[in-house]
Number of protein chains: 2
Amino acid sequence: MSEFIQTIPRQRKPRGHGSERKAEILAAATRIFLQEGVAGATMRRIASEVGVSPTALYVYFPDKEAILEAIAQAWFFELLGVLQASQANQTSVEGAFRAGLRAYVEFGLARPDSYRLTFLSRPDNRDGKLPCDDIPEADYSFAVLQSGVEAMMQAGQFRPGDSTAIAETIWAALHGLTVIVIDQAEHLKTAPNRLIEQMLDMVVRGFG
Amino acid sequence: MSEFIQTIPRQRKPRGHGSERKAEILAAATRIFLQEGVAGATMRRIASEVGVSPTALYVYFPDKEAILEAIAQAWFFELLGVLQASQANQTSVEGAFRAGLRAYVEFGLARPDSYRLTFLSRPDNRDGKLPCDDIPEADYSFAVLQSGVEAMMQAGQFRPGDSTAIAETIWAALHGLTVIVIDQAEHLKTAPNRLIEQMLDMVVRGFG
DNA sequence: CTCATGACTGAACGCTGTTAGCTCAAATGA
DNA sequence: TCATTTGAGCTAACAGCGTTCAGTCATGAG
């Protein structure tokens, strides 16, 4: 009798040690998200991927939003690396500047769902909070752009001006291009690469 | 007995005549949407606003997406009017061009939820269809922009070039600015109006 | 060895969009 | 005028969602 009870498979998944389980949840959520998009990344789906009940997720994250925000943060972290890598083998200031902008758009296009998740507000959360809020890496990324603008000014390629306002304007333009290529690619008559180059030309000439 | 039955208030709302009921649903949906955002505009909420059961909506619209698309179409129709109005009292080609671009962004900012609904894909619908797809007014709006670009070329304010590609680039930049001001206003250090003017300068100089 | 902690569970709540099956008023044809 | 067809409306339900509650039970501490 007692040995029969022992042969019953344990229903409960043993607890993870340290931050092991949290990382496991995040990895599963990221995997599902990248493969099936936001809509596929439900709490129940993530939990079943981890092999845990949906309630267990709430031990490590206050709500679904927090999981998505963690994914967005990881995306920003990667973006920083890509931006840095884009500066390698660049000899001229303008070349480095253009490479950075190009890298931003291309990184967004390479992972459209991540880009949407990070920047585009979802219908729920009326308070307007975005995953990219309160992520320090977001500020770092902007600082990279702004210092690029200042380098362009010092090199005489850009007229003097408010580097913050100019960087924000440029970011808006790049962001728009990324979003539009992601969501409206089939409506565009121009190839994405051509649009990117045209955008870079407009930026460089526009502030030069 | 029979008169008692007759005094029971009719549960069923009498049918509308012609396209009356459909317009009524659309009006209710638009009203709720503008006041409470996408999240508030649920099928049950819309139906109760009309005074009808949720199922009745499916007589007039195949699904919720169709209702939202109809709202987006109305938004585009309004946009066309605003773009046209912006051309009044403009004496110079460049003045008219700038006025049109400015009107686009400001119209988006004036109705942020509508702008999001129209252009920003929602997490559901993995097939990537947007409400702005298959709306003729969208093509007209783009044509307005493109003809503005061509007018600028003919006036010698823009270098000769592919007006389609240039118009798409400009639209991307304007779109990005609109989206960013809508969603990230609190993160921006520059006032929206200043960003708009800076963007217009960049565009005009960039292609001039 | 006992006890407290907290990671985990199943069941449930209140939502959501959508569908099936029914009712019944109005329009139509004889 | 009356029978029949049509289709607009209904209730009830399904499957899924995020989230919460109350309980369980392995584990580490004293």
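Reminder, nothing fancy here: chain letters follow the sequence lines and each chain counts from 1.
- Within the structure, salt bridge (charged side-chain N to carboxylate O under 4.0 Å, His left out) contacts touching residues 80-89 of chain A (residues at least two apart or in different chains) do not occur.
- Distance, B/Leu57 CG to D/dC10 C1': 13 Å, rounded to whole Å.
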Are there any protein N/O atoms within less than 3.5 Å of an N/O atom in nucleotides 14-18 of chain C, and if so, which ones and at what distance?
unit_1: C/dT16; atom_1: OP1; unit_2: B/Thr42; atom_2: OG1; d: 3.4
unit_1: C/dG17; atom_1: OP1; unit_2: B/Met43; atom_2: N; d: 3.3
unit_1: C/dG17; atom_1: OP1; unit_2: B/Lys64; atom_2: NZ; d: 2.9
unit_1: C/dG17; atom_1: OP2; unit_2: B/Met43; atom_2: N; d: 3.0
unit_1: C/dG17; atom_1: N7; unit_2: B/Arg44; atom_2: NH1; d: 2.6
unit_1: C/dG17; atom_1: O6; unit_2: B/Arg44; atom_2: NH2; d: 3.0
unit_1: C/dT18; atom_1: OP2; unit_2: B/Tyr58; atom_2: OH; d: 2.9
unit_1: C/dT18; atom_1: OP2; unit_2: B/Lys64; atom_2: N; d: 2.9
unit_1: C/dT18; atom_1: O5'; unit_2: B/Tyr58; atom_2: OH; d: 3.2

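- Following rounding to the nearest Å, A/Glu20 (CD) and C/dA7 (C1') show an atom-to-atom distance of 13 Å.
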Show me the side-chain donor-acceptor pairs of residues 167-182 of chain B shorter than 3.5 Å, one per line, residues at least two apart or across chains.
unit_1: B/Glu168; atom_1: OE1; unit_2: A/Thr190; atom_2: N; d: 3.1
unit_1: B/Glu168; atom_1: OE1; unit_2: A/Thr190; atom_2: OG1; d: 2.5
unit_1: B/Glu168; atom_1: OE2; unit_2: A/Lys189; atom_2: N; d: 2.7
unit_1: B/Thr169; atom_1: OG1; unit_2: B/Ala165; atom_2: O; d: 2.8
unit_1: B/Trp171; atom_1: NE1; unit_2: B/Tyr104; atom_2: OH; d: 3.0
unit_1: B/His175; atom_1: ND1; unit_2: B/Tyr115; atom_2: OH; d: 2.7
unit_1: B/Thr178; atom_1: OG1; unit_2: B/Leu174; atom_2: O; d: 2.8

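- Listed by first and then second residue, the ring pair (Phe, Tyr, Trp, His ring centres under 6.0 Å) pairs that reach into residues 188-208 of chain A are A/Phe158-A/Phe207, sequence neighbours excluded.
- Residues meeting the ring-ring contact (aromatic ring centres under 6.0 Å, His included) test with B/Phe61, sequence neighbours left out: none.
- In the set C/dA7, D/dG9, C/dT9, the nucleotide with an atom closest to the side chain of A/Val52 is C/dT9.
- If you measure from atom CZ of A/Arg21 to atom P of C/dT9, you get 8 Å, rounded to the nearest angstrom.
- Look at CD1 on A/Ile46: it is 15 Å from C1' on D/dG16, rounded to the nearest Å.
- Residue-level contact check: A/Ala56 touches the bases, meaning some heavy atom is under 4.0 Å from a base atom.
- The NZ atom of B/Lys22 sits 17 Å away from the C1' atom of D/dG9 (whole-angstrom rounding).
- Two rings, from A/Phe76 and A/Phe107, have their centers 6.0 Å or more apart.
- Residue pairs meeting the side chain to side chain donor-acceptor pair (under 3.5 Å) criterion with at least one partner in residues 136-147 of chain B, sequence neighbours excluded, are B/Gln73-B/Glu137, B/Gln146-B/Ser163, B/Gln146-B/Thr164.
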